[in-house]
Undergrad: 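Got a structure for you, written out below as structure tokens; questions coming shortly.
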Amino acid sequence: MEMVFRWFGSGNDAVQLDQIKQIPGVEGIVWALHDIPVGDEWPINRIAEVKQQADEHGFHIDVVESVNIHEDIKLGLPTRDKYIANYKATIKNLASVGVKVICYNFMPVFDWTRTELYKKLDDGSTAMFYEKAKVENMDPMELVDEISNNPDFTIPGWEPERLKSLANLFGAYQKVSEEDLWNNLKYFLEEIIPVAEANGIKMAIHPDDPPWKIFGLPRIITSQPNIRRFLQLVDSPSNGITLCSGSLGTDPNNDIPDMVHEFIDRIPFAHIRNLKRYDNGDFIETSHRTKDGSVDIYEILKAYYDNGFTGYVRPDHGRHLWNEKCRPGYGLYDRAMGIMYLWGIWDSLERSVNEKELAVLDKKLDY
Ligand code: DNO
Ligand code: MN
């Protein structure tokens, strides 16, 4: 596996590239041009700027997260074609500087959803929390106010300007069923996957977070059968997934190691993180350690290892530690520790397999 680390860009992230440099085994940054309005083409000079910053620190920029999808594409409006044309242009621009993987998601209106960004855990750290009953009984506008008014950073997917038109958007989605959303996704993929193929790019859809319907909006990238269906919409190596253990892991029915085995050829990018599920459907993000949460991180890594996985991996959301001031979920310390945990498991898997092979060889030599 190739370790990468999400970085929101200079002046837009409390974490600096020279800090990331000190985390063992990180080879590249996962980046985006967060200030470009959704639907616009990413200008080549802005892309080159990030490449240069990464180069100066010896990082590659192979993975982009995310090139977001304009709502008109998800809604299937006639105006989608112009946004799809811009998307294709962005794919080509990114390929021209060597980008290999583009992560995106197809969630209507909201990206990830939580009810509290800084909930206190027993150890005194804070983490992102989802209270199921609260979401079920809440007016989405209240949540938008809470999340988009973060004084320090604009949160991707929750940009205040975009959310101003929220009422209209909700209205527009009234007419969009799950099957419509599947059709709109297929239309998008049929347009862009050939461009990705021609430019050596793998598209990697991120699962819905959480993977169930919220606020009456349809959600489809939620489970193993649905991911199977997604991969068949356009059956190409360039049509892949970002397998996120945290997003899928909030639903106890999702067997993530099994998904790794089934979808391995179509996973160019993995997000690995843990969370603790409660019986009432609430969950809180925890350290990456298997014992701290409900997701078996060891089994997931073992599944990747057993399949000879060579794709990109990043730790995903972490807790906020030692009073650090950072983007929700994207502090330095917990993600750095998460990486060391992932390496710890990976290195011992490697070692134990080699030792087993050696033992077999030794036995043969004894004869
Ligand atoms: C949560 C995060 C997501 C992700 C976007 C990708 O698990 O990884 O917010 O960045 O959904 O488009
Ligand atoms: Mn994720």
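Counting starts at 1 for both ligands and their atoms, in listed order. The chain is numbered in sequence order, starting from 1.
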Undergrad: Just distances here: any N/O of H271 and N/O of ligand 1 closer than 3.5 Å?
TA: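 N/O-N/O distance below 3.5 Å exists for this pair.
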Undergrad: Describe, in one word, how the ring planes of W31 and W42 are oriented to each other, choosing from parallel (under 30°), tilted (30 to 60°) and perpendicular (over 60°).
TA: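 Rings of W31 and W42: tilted, as their planes differ by 30° to 60°.
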Undergrad: Please determine whether H206 has a backbone or side-chain N, O or S atom lying under 2.8 Å from the Mn ion (ligand 2).
TA: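 So H206 counts as coordinating the Mn ion (ligand 2), yes.
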Undergrad: Suppose we only allow N, O or S atoms; which atom of D316 ends up nearest to the Mn ion (ligand 2)?
TA: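 The closest N, O or S atom of D316 to the Mn ion (ligand 2) is OD2.
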Undergrad: Look at ligand 1 and say whether G246 reaches it with a heavy atom at a distance under 4.0 Å.
TA: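 Judged by the 4.0 Å heavy-atom criterion, G246 does not count as contacting ligand 1.
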Undergrad: Specify side chain, backbone, both or neither for E285, according to which of its non-hydrogen atoms lie closer than 4.0 Å to ligand 1.
TA: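 No part of E285 is near ligand 1 at this cut-off.
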Undergrad: Output the list of atoms in ligand 1 that are nearer than 4.0 Å to some heavy atom of R273, sorted by atom number.
TA: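 Per the distance check, 1 (C), 7 (O).
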Undergrad: Could you tell me which atoms of ligand 1, counted from 1 in the order shown, lie closer than 4.0 angstrom to a heavy atom of S66?
TA: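 Under 4.0 Å from S66, ligand 1 has these atoms: 6 (C), 12 (O).
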Undergrad: Evaluate the ring planes of Y330 and H317, with Trp represented by its six-membered ring, and classify them as parallel (under 30°), tilted (30 to 60°) or perpendicular (over 60°).
TA: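 It falls in the perpendicular class, over 60°.
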Undergrad: Tell me whether M128 reaches ligand 1 (any heavy atom closer than 4.0 angstrom to a ligand atom).
TA: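 Checking ligand 1 against M128, which is what was asked, there is no heavy-atom contact under 4.0 Å.
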Undergrad: As a check for students: among D111, L275, V67, identify the option with a heavy atom nearest to atom 5 (C) of ligand 1.
TA: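 Considering heavy atoms of D111, L275, V67, the nearest to atom 5 (C) of ligand 1 sits in D111.
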Undergrad: Check whether the ring centres of F283 and Y278 lie less than 6.0 Å apart, and answer yes or no.
TA: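 Centroid separation for F283 and Y278: 6.0 Å or greater.
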Undergrad: Have a look at the Mn ion (ligand 2) and estimate, to 10 degrees, the angle subtended by SG (C244) and ND1 (H271).
TA: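 An angle of 110° at the metal.
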